[in-house]
Amino acid sequence: MLEHYIRDVPDFPKPGIVFKDITPLLQSPQGLRASIDALAAAVDPASYDLVCGIESRGFIFGTALANQLGKGFIPIRKPGKLPSTTVSESYELEYGSDSIEIHEDAAAEGQRILMVDDLLATGGTMAAALSLVRRIGAQPVATAFVIELSFLPGRDKLGETPVHSLLQY
Ligand code: AMP
């Protein structure tokens, strides 16, 4: 049923990209709740301590998930947004390149982290996020996405870390 709430927007943000628009899902009370419930069911909550979301759409799903399960949330942000001491990682996108940052004290040594984003495409963003979490001494236990573009080799970039996705295209 979740697939009914995903809108394809051709040629956004560049010609040739079919953008998977999640705003109809967020707009729907049933769609929003079903997506958070499904993410909560995808990974055993006892296996992680904190939820980490990637700016910006990872914040929407990650924070709602963390709140529903009584977990804390830690943000990975675009450069220059986090105010305290950060660790930074560069990566290639499906459309361009970018870097992301995390606060060096976002998690304690050995804390177990569930990584959340809206969509897995090439895997570059999540691979960089996994690297950031490891660099601050925490342990990513799994990744969870609303959407996976399974015609791209995103999963392969994430190594041993289990990948969960609610919808595959
Ligand atoms: P990637 O690093 O290639 O896995 O890209 C994942 C990030 O880019 C996610 O944060 C997505 O929100 C965004 N993204 C990449 N491709 C698309 C797409 N076709 N539709 C919507 N978002 C996308």
Side-chain angles (χ1 to χ4, degrees), residues 1-28 31-32 34-36 38-40 42-43 48 50-66 73-82 86-103 106 113-136 138 140-169:
M1 114 4 172
L2 290 180
E3 62 271 21
H4 300 305
Y5 297 108
I6 306 299
R7 172 167 58 191
D8 280 1
V9 182
D11 300 319
F12 182 89
K14 292 205 311 198
I17 303 284
V18 178
F19 195 86
K20 296 290 184 190
D21 179 16
I22 55 151
T23 62
L25 177 72
L26 302 176
Q27 186 187 34
S28 159
L32 178 59
S35 63
I36 301 305
L39 288 170
V43 184
Y48 56 93
L50 291 169
V51 177
C52 177
I54 306 172
E55 184 170 359
S56 334
R57 281 163 276 153
F59 291 178
I60 299 170
F61 295 103
T63 310
L65 175 64
F73 175 82
I74 61 177
I76 285 181
R77 296 211 63 181
K78 310 252 163 77
K81 302 284 189 185
L82 288 169
T86 56
V87 178
S88 168
E89 189 85 25
S90 293
Y91 62 99
E92 299 301 314
L93 267 183
E94 190 185 2
Y95 38 86
S97 78
D98 215 338
S99 59
I100 49 176
E101 297 181 346
I102 195 168
H103 271 149
I113 315 293
L114 175 66
M115 308 295 293
V116 175
D117 204 357
D118 68 323
L119 185 143
L120 175 64
T122 66
T125 308
M126 186 56 85
L130 292 173
S131 164
L132 284 179
V133 165
R134 293 194 180 103
R135 282 172 60 196
I136 65 167
V141 295
T143 63
F145 302 87
V146 178
I147 300 167
E148 175 179 4
L149 302 184
S150 47
F151 54 88
L152 293 170
R155 269 176 187 258
D156 304 340
K157 259 213 177 115
L158 305 183
E160 304 282 278
T161 310
V163 177
H164 302 274
S165 59
L166 306 183
L167 296 171
Q168 297 82 30
Y169 293 89

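Whatever order the structure lists them in is the order used to number ligands and atoms, beginning at 1.
Contacts between I147 and ligand 1 below 4.0 angstrom, taking non-hydrogen atoms only, are absent altogether. Under 4.0 Å from ligand 1, the heavy atoms of D118 that appear belong solely to its side chain. Under 4.0 angstrom from ligand 1, the non-hydrogen atoms of T125 come from both its backbone and its side chain. Heavy atoms of M126 found under 4.0 angstrom from ligand 1: none, in either backbone or side chain.
Between L119 and ligand 1, no N or O atom pair is found at a separation short of 3.5 Å. Distances between N or O atoms of L149 and those of ligand 1 include no value under 3.5 Å. In terms of polar-atom proximity, defined here as any N/O pair under 3.5 Å, R57 does make such a contact with ligand 1. Ligand 1 has no N or O atom lying under 3.5 Å from any N or O atom of L120, backbone or side chain.
How far OH of Y5 is from CG of L26: 12.0 Å, rounded to the nearest 0.5 Å.
Judged purely by distance below 3.5 Å, without hydrogens or angles, the side chains of S150 and Q168 never pair a donor atom with an acceptor atom.
For the pair Q27 (side chain) and L25 (backbone), a donor-acceptor distance under 3.5 Å is absent. D11 places a side-chain N or O within 3.5 Å of a backbone atom of G16 that can act as its donor or acceptor partner. Remark: side-chain polar atoms of E55 are paired, donor with acceptor, to backbone N or O of K78 under 3.5 angstrom.
Residue G123 places a heavy atom less than 4.0 Å from ligand 1.
Side-chain atoms of M115 and M126, non-hydrogen and from C-beta on, do get closer than 4.5 Å to each other. Annotation: side chain of L119 is not in contact with side chain of R57 (no heavy-atom distance under 4.5 Å). Residues P79 and D98 have side chains in contact (heavy-atom distance under 4.5 Å, counting atoms from C-beta outward).
Of all atoms in ligand 1, listed by their number and element, those nearer than 4.0 Å to a heavy atom of D117 are 9 (C), 10 (O). Every atom of ligand 1 is numbered from 1 in the order shown, and the set under 4.0 Å from a heavy atom of T122 is 1 (P), 2 (O), 3 (O), 4 (O).
The closest non-hydrogen atom to atom 18 (C) of ligand 1, taken over V18, D8, I6, L158, comes from V18.
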